[in-house]
Q: 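Once you've had a glance at the structure underneath, I'll fire off some questions.
When reading the values below, keep in mind they use all heavy atoms of this one structure, side chains included, and skip hydrogens, waters and symmetry mates.
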Amino acid sequence: MGSMTTRSCPCGLPEPYERCCGRYHGGAAAAPTAEALMRSRYCAFVRRDAGYLLRTWHPRTRPARLGLDPGMRWTGLEILGATDGSAFHGTGTVTFRASYRGGSLLERSRFERVDGAWVYVDGDFPEQ
């Protein structure tokens, strides 16, 4: 596994956390695409960063608070498809499978830009 600094980011990309989702979590940068935001939100679930999850949630659909289950062990993220969601779009969707100890979750998430920044709107659960 190596040390914390050399391990790849929990989102599945090979970069270390600090250079990958950590930049977004810390506020040094904003996720440039819907997929990057989705990955950074998965990573925030792994790290139980409720503040980031709430900050990157659309004001229209954001819950008042978020309880993250400390017993939940996320084990991997697989991006299955994405539409739009680039620098040239105002909306986008990302379909992904997030694995956890004991199962997996398949979701198609919808994202929009608010004041130029990508935010999570909501998601549905396609048939497996």
Q: State, to 0.1 Å, how close T95 and R108 come at their nearest heavy-atom pair, and which atoms those are.
A: OG1-CG, 3.4 Å

Q: Please determine if R60 and E112 form a salt bridge, counting it only when a charged side-chain N lies under 4.0 Å from a carboxylate O.
A: yes

Q: Please report the interatomic distance OH(Y120) to CG(L54), rounded to the nearest 0.5 Å.
A: 12.5 Å

Q: So, do L105 and F125 sit near enough that their side-chain heavy atoms are less than 4.5 Å apart?
A: yes

Q: Quick one: list whatever passes side-chain hydrogen bond (donor to acceptor under 3.5 Å, both in side chains) with T33, sequence neighbours left out.
A: none

Q: Give a yes or no on whether the backbone of H25 and the side-chain of R55 come within a donor-acceptor separation of less than 3.5 Å.
A: yes

Q: So how far is it from E78 CD to L106 CG, rounded to the nearest 0.5 Å?
A: 9.0 Å

Q: Would a distance-only check, ignoring hydrogens and angles, find a side-chain to backbone donor-acceptor pair under 3.5 Å from R62 to W57?
A: yes

Q: Quick check for you: to the nearest 0.5 Å, what is the distance between E15 atom CD and L13 atom CG?
A: 8.0 Å

Q: Side chain of R41, backbone of L53: donor and acceptor closer than 3.5 Å?
A: yes

Q: From F111 CZ over to T91 OG1, what is the distance, rounded to the nearest 0.5 angstrom?
A: 11.5 Å

Q: Is a side-chain donor or acceptor of R97 paired with a backbone partner of G76 at a separation under 3.5 angstrom?
A: no

Q: Ignoring hydrogens, what is the shortest heavy-atom contact between G92 and W118? Give both atom names and the distance.
A: N-CZ3, 3.9 Å

Q: Can you get from V121 to F45 by hopping between Ile, Leu, Val, Met, Phe, Trp and Tyr side chains that sit under 4.5 Å apart?
A: no

Q: Please name the pair of heavy atoms, one in R48 and one in L68, separated by the smallest distance, quoted to 0.1 Å.
A: CA-CD1, 3.5 Å

Q: Whether R47 engages the ring of Y17 as a cation-pi pair (distance to the six-membered ring centre under 6.0 angstrom, angle to the ring normal within 45°) should be assessed.
A: yes

Q: Could you check if a side-chain atom of Y42 sits within less than 4.5 angstrom of a side-chain atom of C9, using non-hydrogen atoms only?
A: no

Q: Any idea which heavy atoms bring Y52 and S40 closest together, and the distance?
A: OH-OG, 2.6 Å

Q: Would you name the heavy atoms of S109 and F96 that are closest together and state the gap between them?
A: OG-CE2, 3.2 Å

Q: In Å and rounded to the nearest 0.5 Å, what is the CG to CZ distance from L37 to R113?
A: 10.5 Å

Q: Consider only side-chain heavy atoms of I, L, V, M, F, W and Y, link residues closer than 4.5 Å, and tell whether M38 and V46 are in one cluster.
A: yes

Q: S99 side chain to T75 main-chain N or O, any donor-acceptor pair under 3.5 Å?
A: no

Q: Answer whether the closest heavy-atom distance between the side chains of I79 and R39 falls below 4.5 Å.
A: yes

